[in-house]
Amino acid sequence: MLRIAVMVSGGGTNLQAIIDGIENGTITNTEIAVVISNNRNAYALERAAKAGVSAKCVSPKDYENRDDFNKALLAAVDEADVGLIVLAGFLVVIPEEMIRRYRNRIINIHPSLIPSFCGTGYYGLKVHEKALERGVKVTGATCHFVDEGTDTGPIILQKAVYVEPDDTPKTLQLRVMEQAEWVIMPKVINLIANNKVSVVDGKVIIESE
């Protein structure tokens, strides 16, 4: 059984997709050990409570400096005894010590087809705003392993989404979540839980079904 920590900052829609996936059998051999948020007002914490999942807030505001916060965040993950960390809209820079300790065991969902519209400053609605400004016709989402860079880790799965002529950043964001993010993140977790994913020479290999 793969124990996962889901780390969130806001509404937790991707967390809900994971909860639903475990409940309906789309995600197998997996349990959520803990949900961690840096924001005590995040609705994601309520989603966790409703699902009967352990949840806690580790906020930078409660610590004198970033180093103390990083240590507390890492301790919270270590205490949960997890095999995979899932960044599901977690708007905090992950401590390098965590990346080293959980190498190729941290995944993130990004709302574009990396390497397009990614890196520092590209998150949330900003990604979709930039995509619409450039007039792209196809966007999507990417699930990737996390390394020391920003959106630079090995890509696991991607899914494309068409841009409609009358899209706004918000309508595009919703379609990308519904058609891509909520689809590929549960699928990636299921693949990892069933030992179908490996990283060779910095690239992801997925074992065929």
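Keep in mind the model is a prediction, meaning the values are calculated, not measured.
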Exercise. Any ion pair linking K56 and E79 (charged N to carboxylate O, less than 4.0 Å)?
Worked result: yes
For this session: List the steps, then state whether side-chain hydrogen bond (donor to acceptor under 3.5 Å, both in side chains) holds for D78 with Y102.
Result: CA-CA 10 Å; D78 287 345; Y102 292 88; 2.5 Å; yes
Problem set entry | Side-chain heavy-atom pair P111, H128 within 4.5 angstrom cut-off | yes
For this session: Determine the minimum heavy-atom distance between S112 and T139, stating which atoms define it.
Result: CA-OG1, 4.1 Å
Exercise. If you group Ile, Leu, Val, Met, Phe, Trp and Tyr by side-chain heavy-atom gaps below 4.5 Å, do L2 and I85 land in one group?
Worked result: no
For this session: Give a yes-or-no answer on whether the side chains of H144 and T142 include a donor-acceptor pair shorter than 3.5 Å.
Result: no
For this session: Indicate, with yes or no, if W182 and I109 share a hydrophobic cluster defined by side-chain heavy-atom contacts under 4.5 Å among Ile, Leu, Val, Met, Phe, Trp and Tyr.
Result: no
Seminar exercise, completed: Here the gap from Q158 atom CD to H110 atom NE2, rounded to the nearest 0.5 Å, amounts to 10.5 Å
Problem set entry | Atom pair CZ/CD1 of R103 and I106 - distance to nearest 0.5 Å | 8.5 Å
For this session: Could you tell me whether a side-chain N or O of E181 sits under 3.5 Å from a main-chain N or O of N14, the two making a donor and an acceptor?
Result: no
For this session: Verify the distance criterion only: is there a donor paired with an acceptor across the side chains of N39 and S37 at less than 3.5 Å?
Result: no
Exercise. Is any side-chain heavy atom of P169 less than 4.5 Å from a side-chain heavy atom of E129?
Worked result: yes
Exercise. Does R101 CZ have over 12 foreign heavy atoms under 6.0 Å away?
Worked result: yes
Seminar exercise, completed: Joining Ile, Leu, Val, Met, Phe, Trp and Tyr whenever any side-chain heavy atoms lie under 4.5 Å apart, the cluster holding L172 also takes in F117, Y122, V127, L132, V136, V161, V163, V176
Seminar exercise, completed: Distance col, row I156:CD1 vs I206:CD1, nearest 0.5 angstrom, shows 7.5 Å
Problem set entry | Side chains of F145 and N108 in contact at under 4.5 Å (non-hydrogen atoms) | no
For this session: Report whether Y43 and V35 are members of the same hydrophobic cluster (ILVMFWY, side-chain heavy atoms less than 4.5 Å apart, transitive linking).
Result: no
Exercise. For I205 and V197, what are the C-alpha separation, side-chain angles and deciding distance, and is it a side chain to side chain contact (heavy atoms under 4.5 Å, CB included)?
Worked result: CA-CA 6 Å; I205 306 297; V197 176; over 6 Å; no
Exercise. Hey, quick one: are V86 and I192 part of the same hydrophobic cluster, counting side-chain heavy atoms closer than 4.5 Å, chains of contacts allowed?
Worked result: yes
Problem set entry | Approximate separation, where rounding is to 0.5 Å, of C143 SG and I155 CD1 | 10.5 Å
For this session: Please test I189 against I107 for side chain to side chain contact (heavy atoms under 4.5 Å, CB included), starting from the C-alpha separation and ending with a verdict.
Result: CA-CA 9 Å; I189 293 170; I107 63 173; 4.0 Å; yes
Seminar exercise, completed: Taking every heavy atom of T150 against every heavy atom of G119, the minimum-distance pair comes out as CG2-C, 3.4 Å
Problem set entry | Distance in Å, L125 CG paired with K130 NZ, rounded so as to fall on 0.5 Å steps | 13.0 Å
Problem set entry | Under 3.5 Å: donor-acceptor pair, side chain of N194, backbone of L191 | no
Exercise. Step by step, would you call R100 with E148 a side chain to side chain contact (heavy atoms under 4.5 Å, CB included)?
Worked result: CA-CA 9 Å; R100 288 192 294 269; E148 286 80 359; 4.2 Å; yes
For this session: State yes or no: do V146 and F90 share one hydrophobic cluster built from I, L, V, M, F, W and Y residues joined by side-chain heavy-atom distances below 4.5 Å, directly or via other members?
Result: yes
Problem set entry | pair V188-M185: side-chain heavy atoms closer than 4.5 Å | no
Exercise. Any side-chain heavy atom of I4 within less than 4.5 Å of one from I18?
Worked result: yes
Exercise. Does OH in Y123 sit with more than 12 non-hydrogen atoms of other residues, nucleotides or ligands closer than 6.0 Å?
Worked result: no
Exercise. Using 4.0 Å as the upper bound for N to carboxylate O, is an ion pair formed by R175 and D167?
Worked result: yes
Exercise. Going by atom types only, do S59 and N38 share a side-chain donor-acceptor pair under 3.5 Å?
Worked result: no
For this session: Please report the closest heavy-atom contact between A141 and A180, naming both atoms and the distance.
Result: CB-CB, 3.6 Å
Exercise. Taking the side chain from R47 and the backbone from L15, do they hold a donor-acceptor pair closer than 3.5 Å?
Worked result: no
For this session: Test E164 against T171 for side chain to side chain contact (heavy atoms under 4.5 Å, CB included), laying out the working first.
Result: CA-CA 9 Å; E164 302 294 341; T171 62; over 6 Å; no
Exercise. So N190 and T30, side-chain hydrogen bond (donor to acceptor under 3.5 Å, both in side chains) or not? Walk me through it.
Worked result: CA-CA 8 Å; N190 186 63; T30 301; 5.7 Å; no
For this session: Assess whether atom CG of D201 is packed by more than 12 heavy atoms of other residues, nucleotides or ligands within 6.0 Å.
Result: no
Problem set entry | V58 and R40, any side-chain heavy atoms less than 4.5 Å apart | no
Exercise. Heavy atoms, side chains only, cut-off 4.5 Å: are L73 and P95 in contact?
Worked result: yes
For this session: Looking only at non-hydrogen atoms, find the nearest pair between M7 and I94 and report the distance.
Result: CE-CD1, 4.5 Å
Problem set entry | Close side-chain approach of V6 to I36, heavy-atom, < 4.5 Å | no
Problem set entry | Non-hydrogen atoms of A33 and A80 that approach each other most closely | CB-O, 3.9 Å
For this session: Heavy atoms only: give me the nearest C118-P115 pair and the separation to one decimal.
Result: SG-O, 3.4 Å
Exercise. Got a sec, which residues hit salt bridge (Lys or Arg N to Asp or Glu O under 4.0 Å) with K159, two or more places apart in sequence or on another chain?
Worked result: none
For this session: Kindly compute the distance separating CD1 (I184) from NZ (K187), expressed to the nearest 0.5 Å.
Result: 9.5 Å
